[in-house]
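Below is one structure, written out as structure tokens; the observations come after it.
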Protein chains: 2
Amino acid sequence: MLRLAQLKFFEGFYEEFAALGLTPATYAIFAVIRDNPGVPPSSLASLLRLRLPNLIKILNELESSGFIKRNRSKSDRRAVELMLTPKGAKLIAEGARLTEPYNERMLAPLTETEQRTLLELLNRISPL
Amino acid sequence: MLRLAQLKFFEGFYEEFAALGLTPATYAIFAVIRDNPGVPPSSLASLLRLRLPNLIKILNELESSGFIKRNRSKSDRRAVELMLTPKGAKLIAEGARLTEPYNERMLAPLTETEQRTLLELLNRISPL
DNA sequence: TATTGTTATACTCTATAACTATA
DNA sequence: TATAGTTATAGAGTATAACAATA
């Protein structure tokens, strides 16, 4: 049942966000960088349960498209600090506007109380 | 959150059922054939949301390993009827014995009432 | 020596087009 | 002509190993 629900959400996501070129993965990456400017790739990968090499490949594309930039940390020159460019900030802001109608459409069979319950139960099973 | 929960269940599944060589996909396929002997590949694919060509590849492996057999329908010789062999029935029966402890472990953070609620809400979002 | 990030690469899963045999 | 099943193949997602730079 989890797989079927997730499939529905991903299919709906591609419909809703196709015009912006956002995927579930890139949306999540943008949102985390927006809320945690300077987050290193390693933290981002473990938070989103992505393998570092797979994340790096996505980050390379996002950087060469001009959506994010990488700064080397002053204190530890191995570490990378991820930031949104103005172009990237604009993209995720546009995406954020589609989020509420998207969630509403996916969760339409549930009341608002049930929607909160579902989120709470899922969060207990696998906390973010 | 759905993706993270599903990831947890799949990882737990591989741990629990590794000894039997069952995957989430093959478990579901065996269970559907067991409960619906003679089910055609097309119905199986749409029920489990698998593309027919991808399902066929799995069915080929399951058949050449001796777990299932294909019968041509008498009434429509294009149609295939899927059946478990005794070997396949034995395998899914062994798998079924692991199912309750597996679900219990994955859903440990929830009370029994909450477990039923979660299943009901997921089923409303994307009915089987 | 250990850690962060990166590259290269293989493997699984998923998607599309085209073919066959029956209807 | 249309349908059920199948094959071949391409693409996306995910995995591991090895390397460079820095600590």
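In what follows, every chain begins at residue 1, and chains take the letters A, B, ... in the order their sequences are listed.
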Residue list, salt bridge (Lys or Arg N to Asp or Glu O under 4.0 Å) with A:K90, at least two apart or on another chain: A:E94
Just the table, please: protein N/O against nucleotides 13-17 of chain C N/O, every pair under 3.5 Å.
residue, atom, partner, partner atom, Å
C:dT14, O4, B:K57, NZ, 3.3
C:dA15, OP2, B:R51, NE, 3.3
C:dA15, N7, B:N54, OD1, 3.1
C:dA15, N7, B:N54, ND2, 2.9
C:dA15, N6, B:N54, OD1, 2.8
C:dT16, OP2, B:R51, NH1, 3.2

Which residues share a salt bridge (Lys or Arg N to Asp or Glu O under 4.0 Å) with A:E15, sequence neighbours left out: A:R105
Pairs touching residues 93-128 of chain A that satisfy ring pair (Phe, Tyr, Trp, His ring centres under 6.0 Å), sequence neighbours left out: A:F13-A:Y102, A:F17-A:Y102
Summary of ring pair (Phe, Tyr, Trp, His ring centres under 6.0 Å) pairs that have at least one residue in residues 69-90 of chain A, sequence neighbours excluded: none
Sequence neighbours excluded, every pair satisfying side chain to side chain donor-acceptor pair (under 3.5 Å) that has a member inside residues 28-50 of chain A: none
Interatomic distance, B:L52 CG vs C:dT20 C1' [rounded to whole Å]: 14 Å
Residue pairs involving residues 69-79 of chain A (criterion side chain to side chain donor-acceptor pair (under 3.5 Å); sequence neighbours excluded): A:N60-A:R70, A:E63-A:R70, A:S73-A:S75, A:D76-A:R78
Pairwise side chain to side chain donor-acceptor pair (under 3.5 Å) hits with a residue in residues 114-128 of chain A, at least two apart: A:T111-A:E114, A:E114-B:R124, A:E120-A:R124, A:R124-B:E114
Residues in side-chain contact (heavy atoms from CB on, under 4.5 Å) contact with B:T23, at least two apart in sequence or another chain: B:Y14, B:A25, B:T26
Nucleotide range of DNA chain D lying under 4.0 Å from chain B heavy atoms: D:dA2 to D:dT9
Of all pairs that satisfy ring pair (Phe, Tyr, Trp, His ring centres under 6.0 Å), the ones with a partner from residues 48-85 of chain A, not counting sequence neighbours: A:F30-A:F67
B:S65 backbone acceptor or donor facing B:K87 side chain under 3.5 Å: yes
Sorted by number, the residues of residues 73-85 of chain B with heavy-atom contact under 4.0 Å to DNA chain D: B:R78, B:A79, B:V80
